[in-house]
**Q** 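The structure under discussion is supplied below as structure tokens; questions concerning it will follow.
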2 protein chains.
Amino acid sequence: MRHVAALAGVGIKTVSRVMNEEPGVSESTREKVLLASKQLNYELDVTAGSLRRSSRRTQTVGLLLPSVSNPFSAEIHRAMEDALSLKGVAVFAASLDDEPEREEAMVRAFLGRRVDGMVLTPIASNQAHVIPEHSRDLPVVFIDREPAGLTADAVVTDNAVGGAKAARHLFDVGHRKIAYLGDRTDIQTARERRRGFIDALGELGVSTASVPVRENLHDVESARLAAVEILTSSDPPTALFSSQNLVTFGCMRALRELGLSHTVALVGFDDFTLSDMMDPGVTVIAQHPEKIGALAAERLMARIEGDIQPPKTYIIETTLIIRGSGEIRPAS
Amino acid sequence: MRHVAALAGVGIKTVSRVMNEEPGVSESTREKVLLASKQLNYELDVTAGSLRRSSRRTQTVGLLLPSVSNPFSAEIHRAMEDALSLKGVAVFAASLDDEPEREEAMVRAFLGRRVDGMVLTPIASNQAHVIPEHSRDLPVVFIDREPAGLTADAVVTDNAVGGAKAARHLFDVGHRKIAYLGDRTDIQTARERRRGFIDALGELGVSTASVPVRENLHDVESARLAAVEILTSSDPPTALFSSQNLVTFGCMRALRELGLSHTVALVGFDDFTLSDMMDPGVTVIAQHPEKIGALAAERLMARIEGDIQPPKTYIIETTLIIRGSGEIRPAS
DNA sequence: TTGAAAGCGCTAACAC
DNA sequence: GTGTTAGCGCTTTCAA
């Protein structure tokens with residue numbers, strides 16, 4: 001900045017004014033400064049400025065995801081980037097891999113970079129470790145799951161209603177015996193999906209005790225095995241509801257293997273690429289990661305800009321997408 | 001840091017030494033400082049430190065991708081993160097959406113944050129805009145495509161050899177009339193894939209002039225239409241080679257529509273999720289984004305740490321993955 | 001082994 | 001409309 005000032009023949013503060021587009025600079029000096037900065041290829045140092053700036057803002061936020069390469073997370077990331085880059089805010093992203101230690105380590109890493117706020121997918125059983133920061137006024141917005149151990153804004157999918165939608169849809173098609181294949185029961189979202197699904201069946205008059213349930217399925221292979229087992233049991237269900245993508249893939253494999261793809265109905269929670277290219281197309285309860293990301297970004301920026309309304313959980317609805325697999329009627 | 005020093009009853013420099021794990025501090029004072037920093041929940045400010053540090057490093061790098069939500073890019077991102085987080089380096093990612101103006105804008109945004117280096121997927125026809133920075137010693141590594149207008153490290157897929165592998169595989173299965181369906185011809189990688197494919201066919205004795213070619217297909221629908229047109233022509237090919245995912249999806253749609261999924265062979269360039277769940281499974285020439293990301297991170301760090309060997313292009317080989325669609329034999 | 005002083009690039013406060 | 005000075009949190013240099 002000193003060099004630019006020297007070259008333009010002005011004071012350093014004038015350069016600062018021009019680079020920050022502050023008013024009170026004559027057009028002619030503005031042009032001199034701009035020319036000099038062009039010549040020297042000068043770019044304002046955002047972080048150095050934040051040191052002295054009264055707001056102390058670094059125009060940077062942290063985003064903690066299960067993995068930047070997970071499609072659901074990546075959509076959220078993209079939506080946030082779109083909202084934030086407009087405001088000149090850059091995003092640090094980190095992958096947590098379901099490891100609580102990484103959650104804490106990455107929070108610390110971002111704190112060390114003085115982010116203005118964070119959007120966090122909670123992994124640890126408890127987010128008490130961010131309490132000191134949060135109470136020190138560092139804005140934190142949680143996504144996908146609500147935090148435990150502190151109150152803060154959260155943006156989550158309506159998992160229970162999503163599960164209920166699946167139940168009602170399959171019921172409407174005529175199914176009465178529908179199996180639930182679910183993820184690890186220590187995952188809050190999985191429990192919610194199951195609860196919504198089972199409760200809805202109960203309300204529809206199905207005996208909830210007789211619903212076949214297989215849980216703690218966390219990959220394609222375990223889901224496939226569970227589905228095969230259920231489908232080859234003595235009184236098999238006429239439809240399956242799977243609580244997440246990998247489980248859905250396992251169910252698809254099992255159905256294909258057993259030649260039941262067009263006989264047993266399937267509804268999956270969470271949409272995926274090529275779901276419409278399968279045979280039959282896979283009916284899903286779609287989440288809306290782009291909405292989650294956009295809203296999380298909006299809330300975070302509002303907090304950073306001083307919004308002090310009480311913390312709130314924002315709930316994003318799911319959408320039933322009909323593609324064929326969920327519309328297969330029971331034999332009989 | 002002043003507060004920690006006061007609480008620990010030491011000088012500010014001693015706190016700095018402890019936080020940076022510098023030698024020359026007695027164990028007892030070290031513990032006093034650590035305790036005080038714990039109590040005050042203090043975290044060293046990485047960026048403020050970089051201001052005065054002789055290396056001027058911010059422990060931050062920029063990553064410019066087509067889109068953080070594109071699966072290929074997301075894998076690269078993840079691989080880079082894995083390599084860099086070990087070294088305490090954080091990653092800013094940005095999506096360029098094939099827009100040259102965004103490429104330049106994001107480069108500037110990252111420069112303003114004083115990144116130690118950048119990994120860039122070039123979009124613009126020419127990367128001359130990073131020359132001033134690059135010649136000022138800012139390390140830049142290009143991925144996926146080689147840069148134009150300057151020489152720098154690059155990590156790219158061996159597109160030509162990948163195309164040739166597809167040609168040879170289909171030839172070996174017995175095909176002599178194989179169509180090429182490709183992306184926009186202004187994309188370097190697409191041209192390379194085509195060149196490798198056509199040249200290999202020529203070497204195998206196939207008249208290259210008679211190879212059906214459809215290019216400038218950039219989405220599923222245009223690819224589907226082109227495939228339908230080719231497959232319903234008077235002298236249709238017995239196999240298809242598609243140059244990227246969306247084109248592959250379009251071909252799959254067309255084959256399904258025409259009832260040719262098990263009659264006409266298909267090899268796609270670039271692997272995708274669920275390729276093994278299709279009917280038939282889709283044979284592909286797989287790229288290795290995780291290798292590209294890991295190598296790009298390694299080269300970038302080497303440059304940042306002072307490596308001054310001449311710039312080099314690193315080539316990552318592809319892998320043929322056999323899943324069924326590419327092994328369908330020609331009729332007759 | 002420890003600390004005081006200067007200064008990194010910038011903005012705030014205030015003077016001109 | 002413009003410039004000077006102090007100081008943000010830190011590391012460097014150098015003295016104790």
Side-chain angles (χ1 to χ4, degrees), chain A residues 1-34 36-37 40-60 88 108-116 136-138, chain B residues 1-34 36-37 40-60 88 108-116 133 136 138:
Chain A
M1 192 177 248
R2 267 201 336 265
H3 298 146
V4 176
L7 182 58
V10 300
I12 178 178
K13 176 69 224 197
T14 298
V15 178
S16 171
R17 273 192 265 262
V18 173
M19 299 312 288
N20 288 291
E21 300 181 25
E22 282 171 28
V25 182
S26 77
E27 190 52 34
S28 64
T29 47
R30 214 181 79 89
E31 269 162 24
K32 273 191 298 182
V33 171
L34 251 20
S37 78
L40 296 177
N41 228 279
Y42 171 75
E43 191 74 32
L44 194 70
D45 186 329
V46 182
T47 41
S50 82
L51 224 45
R52 193 61 169 80
R53 198 189 326 271
S54 49
S55 77
R56 311 251 33 214
R57 283 174 52 184
T58 56
Q59 303 281 86
T60 303
R108 298 196 75 75
F110 288 169
L111 291 174
R113 293 217 163 57
R114 300 297 186 267
V115 294
D116 296 332
R136 266 191 199 179
D137 258 3
L138 182 80
Chain B
M1 192 178 248
R2 266 203 337 266
H3 297 146
V4 175
L7 181 59
V10 299
I12 178 179
K13 175 67 229 198
T14 299
V15 178
S16 170
R17 272 192 266 261
V18 173
M19 301 311 288
N20 287 292
E21 300 182 24
E22 282 172 27
V25 182
S26 77
E27 190 52 32
S28 64
T29 48
R30 214 182 80 87
E31 269 162 24
K32 273 192 298 184
V33 170
L34 250 22
S37 78
L40 295 177
N41 229 279
Y42 171 75
E43 191 77 32
L44 193 71
D45 186 329
V46 182
T47 39
S50 82
L51 222 46
R52 193 60 168 79
R53 200 188 325 272
S54 49
S55 77
R56 311 250 35 212
R57 284 173 53 185
T58 56
Q59 303 280 86
T60 304
R108 299 197 74 75
F110 289 169
L111 291 174
R113 294 217 162 56
R114 298 299 186 263
V115 293
D116 296 331
E133 323 307 334
R136 264 191 200 181
L138 182 81

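What you see is a predicted model; the values in this text were computed from it and never measured. Below, read A as the first sequence line, B as the second, and so on, with proteins coming before strands; counting in each chain starts at 1.
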**Q** To the nearest angstrom, how far is A:Arg30 atom CZ from D:dG3 atom C1'?
**A** 19 Å
**Q** Round to a whole Å and report the spacing from CD of B:Glu27 to P of C:dT2.
**A** 11 Å
**Q** Can you list the residues that meet the side chain to side chain contact (heavy atoms under 4.5 Å, CB included) rule with A:Leu7, with sequence neighbours excluded?
**A** A:Ala36, A:Gln39, A:Leu40
**Q** Contact class for A:Thr29 vs. all strands (heavy atom < 4.0 Å): base, sugar-phosphate, or nothing?
**A** sugar-phosphate
**Q** How far does CG of A:Leu138 sit from CG of A:Leu111, to the nearest 0.5 angstrom?
**A** 6.5 Å
**Q** Under the side-chain contact (heavy atoms from CB on, under 4.5 Å) criterion, do A:Val33 and A:Arg30 qualify, and how do the steps go?
**A** CA-CA 5 Å; A:Val33 171; A:Arg30 214 181 79 89; 6.0 Å; no
**Q** Roughly how far, to the nearest 0.5 Å, is NZ of B:Lys13 from CE of B:Met1?
**A** 8.0 Å
**Q** Would you mind writing out the side-chain donor-acceptor pairs for residues 48-58 of chain B within the sub-3.5 Å range, not counting sequence neighbours?
**A**
| unit_1 | atom_1 | unit_2 | atom_2 | d |
| --- | --- | --- | --- | --- |
| B:Ser50 | OG | B:Thr47 | O | 2.8 |
| B:Ser55 | OG | B:Arg57 | N | 3.1 |
| B:Arg56 | NE | B:Ser50 | O | 3.4 |
| B:Arg56 | NH2 | B:Ser50 | O | 3.4 |
| B:Arg56 | NH2 | B:Leu51 | O | 3.1 |
| B:Arg57 | NH2 | B:Gln59 | OE1 | 3.1 |
| B:Thr58 | OG1 | B:Arg114 | O | 2.7 |
| B:Thr58 | OG1 | B:Asp116 | OD1 | 3.2 |

**Q** So if I take the C1' atoms of five pairs at each end of the helix from C:dT1-D:dA16 to C:dC16-D:dG1 and get each local axis, what angle do the two axes make, rounded to 10 degrees?
**A** 30°
**Q** In chain order, what residues pass the salt bridge (charged side-chain N to carboxylate O under 4.0 Å, His left out) check against B:Glu31, with sequence neighbours excluded?
**A** none
**Q** Taking side chain to side chain contact (heavy atoms under 4.5 Å, CB included) as the definition, give me every residue that meets it alongside A:Arg2, ordered by chain and number, with sequence neighbours left out.
**A** A:Ile12
**Q** Let me have a per-nucleotide readout for nucleotides 5-11 of chain C, 5' to 3', with B, S or -, counting only protein heavy atoms under 4.0 Å.
**A** -BBBBBB
**Q** Working to the nearest 0.5 angstrom, can you tell me the gap between A:Tyr42 OH and A:His3 NE2?
**A** 11.0 Å
